[in-house]
Amino acid sequence: GYWSLGRDADAVKIYEGIVKDDPRQLQALKFLGDIYKKRGDILVAIGWYEKALKANKNDPRPYFLLGSAYVEAGDVTIGFPRDFTGDSNIRTSGGNITAKIDPTANAAVAASSVWGRVESKLPLVVEAGGNDRSRLSGRLNRGGPLVTLHANGGNVRFMRGETLFE
């Protein structure tokens with residue numbers, strides 16, 4: 001088709017027309033995401049892959065497409081167990097950071113985002129900044145190892161959780 005001939009703009013018009021007529025059309029949603037991903041507009045690609053997933057929840061392909069796009073966007077998820085030791089410094093150039101910390105752990109946190117927001121679902125004692133702002137620092141329980149998170153182009157989230165890997 002047009003896309004394989006390098007005529008992206010024509011392909012986008014055709015696939016958008018198909019999606020307008022049938023919003024669940026997986027192949028058209030996938031191709032739209034692929035075109036934007038190829039152009040380097042990963043956030044628009046993610047939007048198309050999310051639509052593919054919403055319309056086709058029982059099909060494994062949208063999960064793979066969305067997951068691979070998130071990886072390419074630079075999204076990071078990291079887990080901290082209850083008794084972790086040692087400071088951590090995590091940075092992304094364009095993706096989101098999600099830190100899953102055991103809510104009974106003792107930790108100090110410092111998070112910031114240039115273009116996004118910092119959000120916490122943990123019972124933090126906030127010492128500077130605040131929830132849903134561009135920076136937040138504080139402590140979880142009695143404080144402890146410092147967890148520093150910085151996203152240049154995405155959001156930073158603190159969530160309840162445990163380590164992802166043993």
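Under the 4.5 Å side-chain contact rule for hydrophobic residues, V125 and L122 do not share a cluster. W48 and V12 fall within the same hydrophobic cluster, defined by Ile, Leu, Val, Met, Phe, Trp and Tyr side-chain heavy atoms under 4.5 Å apart, directly or through other members. In terms of hydrophobic clustering, with Ile, Leu, Val, Met, Phe, Trp and Tyr side chains grouped at heavy-atom distances under 4.5 Å, L26 and L32 are assigned to different clusters.
Between D102 and R160 there is no salt bridge, since none of the side-chain N atoms of the basic residue sits less than 4.0 Å from a carboxylate O of the acidic one. Salt-bridge formation is detected for the pair D59/R61: a Lys NZ or Arg NE/NH1/NH2 atom is positioned less than 4.0 Å from an Asp or Glu carboxylate oxygen.
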I'd like to know whether I97 forms a side-chain contact (heavy atoms from CB on, under 4.5 Å) with R157, so could you lay out the CA-CA distance, the side-chain angles of the two residues, the decisive distance to 0.1 Å, and finally the verdict.
CA-CA 6 Å; I97 302 173; R157 293 181 191 91; over 6 Å; no

Stepwise side-chain contact (heavy atoms from CB on, under 4.5 Å) test for I35 and Y15
CA-CA 10 Å; I35 290 168; Y15 291 128; 4.0 Å; yes

Show the numbers, then the answer: is there a side-chain contact (heavy atoms from CB on, under 4.5 Å) between T148 and D87?
CA-CA 8 Å; T148 303; D87 296 344; over 6 Å; no

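Checked by atom type and distance alone, the side chain of N141 pairs as donor or acceptor with a backbone atom of P103 at under 3.5 Å. Listed for the S113 side chain is no donor-acceptor partner under 3.5 Å among the backbone atoms of S134. Checking side-chain atoms of R82 against main-chain N and O of F84 turns up no donor-acceptor pair under 3.5 Å.
In this structure, the separation between CD1 on I101 and OG on S88 is 8.5 Å, given to the nearest 0.5 Å. To the nearest 0.5 angstrom, L29 atom CG is 7.0 Å from N56 atom CG. Between the CG atom in D34 and the CZ atom in R39 there is a gap of 12.5 Å [rounded to 0.5 Å]. Taken from NZ in K37 to OH in Y49, the straight-line distance is 5.0 Å, to the nearest 0.5 Å. T98 contributes atom OG1, which lies 7.0 Å from atom CE of M159 (distance to the nearest 0.5 angstrom). Of the inter-residue distances, the one linking N96 atom CG with D75 atom CG reads 4.5 Å to the nearest 0.5 angstrom.
When all heavy atoms are compared, the tightest approach of H150 to S112 is ND1-OG, 2.6 Å. Annotation for G33 and A45: closest pair O-CB, 3.2 Å, computed over non-hydrogen atoms. A151 and G95 make their closest contact through CB-O, 3.6 Å (heavy atoms, listed as atom of the first residue, atom of the second, distance). Residue A55 comes nearest to P23 through the heavy atom pair CB-O, 3.8 Å, listed as atom of the first residue, atom of the second, then distance. Between A99 and F80, the shortest heavy-atom distance links the atoms CB-CE1, 4.2 Å. Here the shortest heavy-atom pairing between P145 and G86 reads CB-O, 3.4 Å.
Side chains of L140 and V147 form no contact here, defined as non-hydrogen atoms less than 4.5 Å apart.
Tested against L149, the residues I90, V118, N89 include a single side chain to side chain contact (heavy atoms under 4.5 Å, CB included) partner, I90.
Under the rule for a salt bridge (charged side-chain N to carboxylate O under 4.0 Å, His left out), the partners of K121 that lie at least two apart in sequence or sit in another chain are E119.
Grouped with V114 in one hydrophobic cluster are W115, the linkage being side-chain heavy-atom contacts under 4.5 Å among Ile, Leu, Val, Met, Phe, Trp and Tyr residues.
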